[in-house]
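Since the structure comes first, as structure tokens, the remarks are kept for the end.
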Amino acid sequence: MLLILRAIIVVVYSILVCLVGCIWCLFSPRNPRHVATFAHMFGKLSHVFGITLDIRKPAGIENVGNAIYIANHQNNYDMATAANMVQAPTVTVGKKSLAWIPFFGQLYWLTGNLLIDRDNKTKAHGSINQVVDQLKNGKVSFWMFPEGTRSRGRGLLPFKTGAFHAALAAGVPIIPIVVSDTHDKINLNRLKNGLVIVEMLPPIDTAPFQDQSARKLTNYCREVMQQKLDELNAEVARRETDRVN
């Protein structure tokens with residue numbers, strides 16, 4: 001019964017957010033500041049799912065300027081967890097097929113996100129060049145999932161290098177965002193689904209990697225995120241055990 005109730009609330013809420021969002025964005029279409037506004041609205045679904053969020057940001061992150069944000073990509077619940085971390089003006093880079101999702105796809109495009117055709121390498125490369133140009137012009141930051149797909153309980157997957165090539169070419173920092181494990185944690189028939197920690201790490205300066213390969217920067221960032229993910233998972237386990245006891 002709880003699952004059905006939650007499903008109804010999520011569907012109705014999501015459609016309303018998308019409809020209102022599309023109308024709102026028509027007054028200033030493709031404005032990148034809209035992305036954070038509606039990402040945070042979807043982030044409120046954490047309450048519906050019975051998730052207790054612990055959100056952490058480094059001091060002064062608002063003053064960093066243009067950057068590429070990277071986050072681990074676990075499942076659809078990222079919309080209720082990681083989405084709370086989107087900083088304005090930041091847009092995401094998503095696959096072209098997202099535009100065809102009813103209601104959500106239209107909002108995704110109108111808010112200014114960048115759609116890429118991953119099956120067409122030439123077009124995908126051109127999209128990365130757009131990312132670099134916008135970063136250099138100081139217009140917007142970008143959010144990417146370097147794993148390229150949902151991990152679905154397989155741990156932190158290998159990283160693709162696209163985001164790191166762009167950061168090096170534009171000379172901007174990388175800002176990792178790590179979400180503790182949510183795979184098999186959320187039971188929609190259970191009232192409370194425990195603690196999830198979402199932590200934004202301090203910016204990683206890409207300047208020391210300018211004379212090295214993008215792969216070295218990629219590997220370094222993945223190591224930093226893996227270490228933090230292990231720490232967060234251990235903290236969640238400890239805090240939930242303490243709460244039970």
Side-chain angles (χ1 to χ4, degrees), residues 1-3 5-7 9-10 13-14 35-36 38-62 64 67-87 90 92 143-160 163 173-204 218-245:
M1 184 62 184
L2 186 55
L3 184 153
L5 179 60
R6 276 179 165 145
I9 293 173
V10 169
Y13 179 81
S14 298
V35 175
F38 293 103
H40 296 166
M41 292 184 72
F42 280 110
K44 294 184 183 300
L45 288 171
S46 61
H47 302 295
V48 178
F49 294 132
I51 301 170
T52 299
L53 284 183
D54 183 347
I55 297 176
R56 304 169 179 176
K57 299 178 185 178
I61 195 64
E62 302 82 5
V64 170
I68 290 183
Y69 295 85
I70 58 172
N72 55 322
H73 194 17
Q74 300 185 62
N75 46 48
N76 291 336
Y77 293 117
D78 293 342
M79 184 66 77
T81 55
N84 291 282
M85 280 295 197
V86 179
Q87 308 292 298
T90 299
T92 67
W143 176 298
M144 298 183 182
F145 292 111
E147 292 164 285
T149 188
R150 298 173 183 86
S151 59
R152 301 187 187 279
R154 293 173 288 172
L156 195 62
L157 301 180
F159 283 5
K160 299 180 184 300
I174 296 280
I175 301 179
I177 295 164
V178 183
V179 183
S180 63
D181 285 349
T182 56
H183 181 73
D184 284 342
K185 180 183 182 70
I186 300 169
N187 181 342
L188 296 181
N189 266 322
R190 184 170 57 206
L191 183 61
K192 295 183 178 181
N193 283 300
L195 174 68
V196 174
I197 303 176
V198 186
E199 183 166 346
M200 180 183 292
L201 306 187
I204 295 174
T218 303
N219 292 342
Y220 174 76
C221 290
R222 188 184 182 282
E223 288 172 5
V224 169
M225 290 180 68
Q226 181 65 69
Q227 180 178 350
K228 177 54 65 172
L229 180 59
D230 293 340
E231 290 176 4
L232 295 184
N233 287 336
E235 180 180 346
V236 168
R238 183 176 65 253
R239 288 171 62 179
E240 291 191 330
T241 299
D242 291 345
R243 180 176 57 83
V244 171
N245 295 335

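Just so it is clear, the model here is predicted, and its values are computed rather than measured.
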Legend entry - side-chain hydrogen bond (donor to acceptor under 3.5 Å, both in side chains) involving D181 - partner list, sequence neighbours excluded: N233
Inset, instruction - State which residues pass side chain to side chain contact (heavy atoms under 4.5 Å, CB included) with R154; sequence neighbours excluded, sorted by chain then number. - result: T149, L157
Legend entry - Minimal non-hydrogen separation, F145 against A71, with atom names: CD2-O, 3.3 Å
Legend entry - Inter- and intrachain pairs under side-chain hydrogen bond (donor to acceptor under 3.5 Å, both in side chains), touching residues 42-53, at least two apart: none
Inset, instruction - Any ring-ring contact (aromatic ring centres under 6.0 Å, His included) involving residues 220-245? Give me the pairs, sequence neighbours left out, ordered by first then second residue. - result: F209-Y220
Legend entry - Check: V10 main-chain N/O paired with S14 side-chain donor or acceptor under 3.5 Å: yes
Legend entry - Where V86 and H40 come nearest, the two heavy atoms and their spacing: O-NE2, 2.8 Å
Legend entry - Option among L3, L2, I9 that satisfies the side-chain contact (heavy atoms from CB on, under 4.5 Å) test with R6: L2
Inset, instruction - For D184, check side-chain hydrogen bond (donor to acceptor under 3.5 Å, both in side chains) against everything at least two apart and list the hits. - result: none
Legend entry - Pairing residues for E199 by the salt bridge (Lys or Arg N to Asp or Glu O under 4.0 Å) criterion, not counting sequence neighbours: R56, K228
Inset, instruction - Under the side chain to side chain contact (heavy atoms under 4.5 Å, CB included) rule, collect the residues that match up with N219, sequence neighbours excluded. - result: R215
Inset, instruction - For the pair R150 and D78, find out whether any cationic side-chain nitrogen is under 4.0 Å from an anionic carboxylate oxygen. - result: no
Legend entry - Spatial distance of atom CE (M144) from atom CD1 (I174) [nearest 0.5 Å]: 8.5 Å
Inset, instruction - For the pair E240 (side chain) and L195 (backbone), establish whether a donor and an acceptor sit closer than 3.5 Å, ignoring hydrogens and angles. - result: yes
Inset, instruction - With rounding to the nearest 0.5 Å, note down the distance linking CD1 in I51 to CG in L45. - result: 9.0 Å
Inset, instruction - Assess whether atom NZ of K57 is packed by more than 12 heavy atoms of other residues, nucleotides or ligands within 6.0 Å. - result: yes
Inset, instruction - State which residues pass salt bridge (Lys or Arg N to Asp or Glu O under 4.0 Å) with R152; sequence neighbours excluded, sorted by chain then number. - result: none
Inset, instruction - Look only at the side chain of E147 and the backbone of H73, and say whether a donor-acceptor pair between them is shorter than 3.5 Å. - result: yes
Inset, instruction - Can you sort out the partners of E223 under salt bridge (Lys or Arg N to Asp or Glu O under 4.0 Å), two or more places apart, ordered by chain and number? - result: none
Inset, instruction - Could you note down all residue pairs passing ring-ring contact (aromatic ring centres under 6.0 Å, His included) where residues 226-245 supplies at least one of them, sequence neighbours left out? - result: none
Legend entry - Nearest non-hydrogen partners of Q74 and V179, listed with the distance: NE2-O, 3.1 Å
Inset, instruction - Please check if the side chain of Q226 supplies one atom and the backbone of V224 the other of a donor-acceptor pair under 3.5 Å. - result: no
Inset, instruction - State the CG-OG distance between N75 and S151, to the nearest 0.5 angstrom. - result: 7.0 Å
Legend entry - Under the ring pair (Phe, Tyr, Trp, His ring centres under 6.0 Å) test, residues paired with Y77 that sit two or more places apart: F49
Legend entry - Residue list, side-chain hydrogen bond (donor to acceptor under 3.5 Å, both in side chains) with R222, at least two apart or on another chain: none
